[in-house]
Number of protein chains: 2
Amino acid sequence: MHPPTVEDVARAAGVSRQTVSNVLNAPQRVRPETRARVETAIEQLGYRPNRVAQSLRAATSRMIGYRIEPMHPHALGSIHDRFLHALAEAGRAADRHLLLFTADDPQDEVANVQALHRAGAIDGVVLYGIQSGDPRPPGLRQLRIPFAAFGRTGADAEHPWVDIDNAAGTAAAVEHLVTGGHRRIAFVGYPQGAAVGDRRADGWRTALDQHGLLDGSHHLDLRGEDSLATGSRLAEVLLDHPTPPTAVVAATDTLAAGVLRTVRQRHARLAVVGFDDTPTAGALDLSSVRQPIEAVGHAMIRALLGPVPGETPGEPTGQLLAPELIVRASSAPH
Amino acid sequence: MHPPTVEDVARAAGVSRQTVSNVLNAPQRVRPETRARVETAIEQLGYRPNRVAQSLRAATSRMIGYRIEPMHPHALGSIHDRFLHALAEAGRAADRHLLLFTADDPQDEVANVQALHRAGAIDGVVLYGIQSGDPRPPGLRQLRIPFAAFGRTGADAEHPWVDIDNAAGTAAAVEHLVTGGHRRIAFVGYPQGAAVGDRRADGWRTALDQHGLLDGSHHLDLRGEDSLATGSRLAEVLLDHPTPPTAVVAATDTLAAGVLRTVRQRHARLAVVGFDDTPTAGALDLSSVRQPIEAVGHAMIRALLGPVPGETPGEPTGQLLAPELIVRASSAPH
DNA sequence: TTGTAGGCGTTATCAT
DNA sequence: ATGATAACGCCTACAA
């Protein structure tokens, strides 16, 4: 009826509880003969150590908290799905499971994390959607709750984080387009001030500059909210310019999709590269910068389980991962 | 340092551990005076009952397992995000948390669930992406592990399930279009044999029939894989027909988006309604049938925590929820 | 190499 | 109304 316990296994194998425990936790200390007997009993009974008892005993839940946010209704597709799966997969490799919880806002998130941590339900937490000046890292640090952040706040020296090298992504897009013969390459991004958006703009600008293509291209840097309509509208602006670009680097696939729509409507020629490699990109045959999310997942679990931040000050706390450009038809040389 | 325990609270309040426990679990049995003292101590120490100890004691983890699948790369956007959040939110209301795990396939999923259940890590599991003939429900039933399924397998009498009334969704779309004056309304869906797709086709056909509009509309029922390209191609076929439809009901937003693309390219007039109300629909101003995912989440938690299946045979085990049509510009009357 | 004892934090049972 | 005892299943000493 109830799952078997060490006691049951011990009885079945004719040994004591502790020998069973030893077989599992320190096999070398048990005579092969006895071990075999115990292992057979374990097999036959289908015994699994009770994780709850283990947790109580070890004062460790082997659970990692993760706040699942309501979906942004305007986002055409995000990498959140991929991230969560990658995190779960990375957790499996480290014998950790994810505990999902909800919260009303970042403050509430910290409060819920504290409650879960005090209750012994989680050992730490992974933070997603980090913004500049995000209150969660300092909050959790003060509570001395282990965490790792996906993204940077601007004050990241004191806690573990993992981030994508956004600038490298747009730079790679520019390289690719320059190689394809393009000389006037525009950028369509979201408003200045958003950290991620600014870094993506930086990569574009820097790469252009390295090829001496930056002069007089101020009209080629357009910003707006992250939506299909905005992408569409900004593409109109670009195409209507006397010296229009021949290629566009977009800060997101959503913006890129908007650009593509205008391009198709006007039968214009304009190479486009997006960012994030969402399913939308695949569907539209849109070249896109792909974030190495699986690697991020592993890095975050490692960062979280690694040395406690603050204990060895001065150590590197962060990790920057390079994205990869996926080339599709939208940026094929004419 | 370590979180406070009942012991600490008891000491602080000058009572025994059990009185503290009583204050929390049977307040009426404690003298108001004492209770107040204990509650103050709890407050001051920030005491939270240790969930792990509670679980060990109660032989219940208050955790619900959920397998997170890798994202389908071709899906333009799915309701999975919404579903997972809804489930977590519903769980919160019932003092349950979700434990995420991964698996290679349905078989592996059942095996992992069994392991987690034996280990006391989860009390039950929620099944997503149910297919006809899905092996998971019978597998879990045999293992006597509580579960609830989102969707139906075709043999659902013996376990709790929650499903969307897919036929009602497409029927509502047809009603809407008929009201708008349309007489030739096509259906674009995925191949026959897929249960969900067939039900959506059924709703379309039934509603058309009720209005006497079904005659000679065989050429208006087209199927293909769920992709943008397919939607696009099938729209071409429809528009090229001597008596083309004036409206289309699509089985998914992805297919609908493909239809829309063709419509725009050819400057054709064709009302379109999609299914799932994904972010894509919002971005394209596409009317779409919205699944009541939040309600599904609550229903599933209730179903899971409800009476154990099989104990009271003959009871209704399932629940069918009606979707809602979201009207946008794509189906506006001409 | 194997067994005995104790305790992780909680709560139900039973006494006072 | 409150307190002592025991048990959930496991594991880390320590003892034999």
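None of the values given here were measured: they were computed from a predicted structure. Within every chain, numbering begins at 1; the chains are lettered A, B, ... in the order of the sequence lines, protein sequences first and strands thereafter.
Contacts of A/Asp163 classified as side chain to side chain donor-acceptor pair (under 3.5 Å), with partners at least two apart in sequence or in another chain: A/Arg152. Listed by chain and number, the residues in a side chain to side chain contact (heavy atoms under 4.5 Å, CB included) with A/Ala59 amount to none (sequence neighbours excluded). Every residue meeting the side chain to side chain contact (heavy atoms under 4.5 Å, CB included) condition with B/Ala58, not counting sequence neighbours, appears here in chain and number order: B/Thr60. Listed by chain and number, the residues in a side chain to side chain contact (heavy atoms under 4.5 Å, CB included) with A/His117 are A/Ile122, A/Ile145, A/Pro146 (sequence neighbours excluded).
A salt bridge (charged side-chain N to carboxylate O under 4.0 Å, His left out) check over residues 38-63 of chain B, counting only residues at least two apart or in different chains, returns the pairs B/Arg62-B/Asp95. Applying the salt bridge (charged side-chain N to carboxylate O under 4.0 Å, His left out) test to every pair with at least one member in residues 11-25 of chain A, sequence neighbours left out, gives these pairs: A/Glu7-A/Arg17, A/Asp8-A/Arg11. Within the structure, salt bridge (charged side-chain N to carboxylate O under 4.0 Å, His left out) contacts touching residues 112-121 of chain B (residues at least two apart or in different chains) do not occur.
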Can you tabulate the close N/O pairs, meaning under 3.5 Å, that link protein atoms to atoms of nucleotides 3-7 of chain C?
from, atom 1, to, atom 2, distance (Å)
C/dG3, OP2, A/Ser16, N, 3.0
C/dG3, OP2, A/Ser16, OG, 3.1
C/dG3, OP2, A/Thr19, OG1, 2.6
C/dA5, N6, A/Gln18, NE2, 3.0
C/dG6, N2, A/Arg57, NH1, 3.3
C/dG7, N2, A/Arg57, NH1, 3.1

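Chain A approaches DNA chain D within less than 4.0 angstrom (heavy atoms of the protein), and the contacting nucleotides run 5' to 3' from D/dG9 to D/dT12.
B/Arg136 places no side-chain N or O within donor-acceptor distance of the main-chain N or O of B/Asp134, the cut-off being under 3.5 Å.
Helix bend of the helix from C/dT1-D/dA16 to C/dT16-D/dA1: the angle between its two end axes, each built from five pairs, comes to 50° after rounding to 10°.
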Check residues 81-88 of chain A and write down every donor-acceptor pair under 3.5 Å in which the side-chain atom is one partner and the other belongs to a residue at least two apart or another chain.
from, atom 1, to, atom 2, distance (Å)
A/Asp81, OD1, B/His80, ND1, 3.4
A/Arg82, NH2, A/Gln291, O, 2.8

Output a table of donor-acceptor pairs, distance under 3.5 Å, between side-chain atoms of residues 23-33 of chain A and any protein atom two or more places apart or on a different chain; print 'none' if there are none.
from, atom 1, to, atom 2, distance (Å)
A/Asn25, ND2, A/Ser21, O, 3.0
A/Asn25, ND2, A/Ser21, OG, 3.2

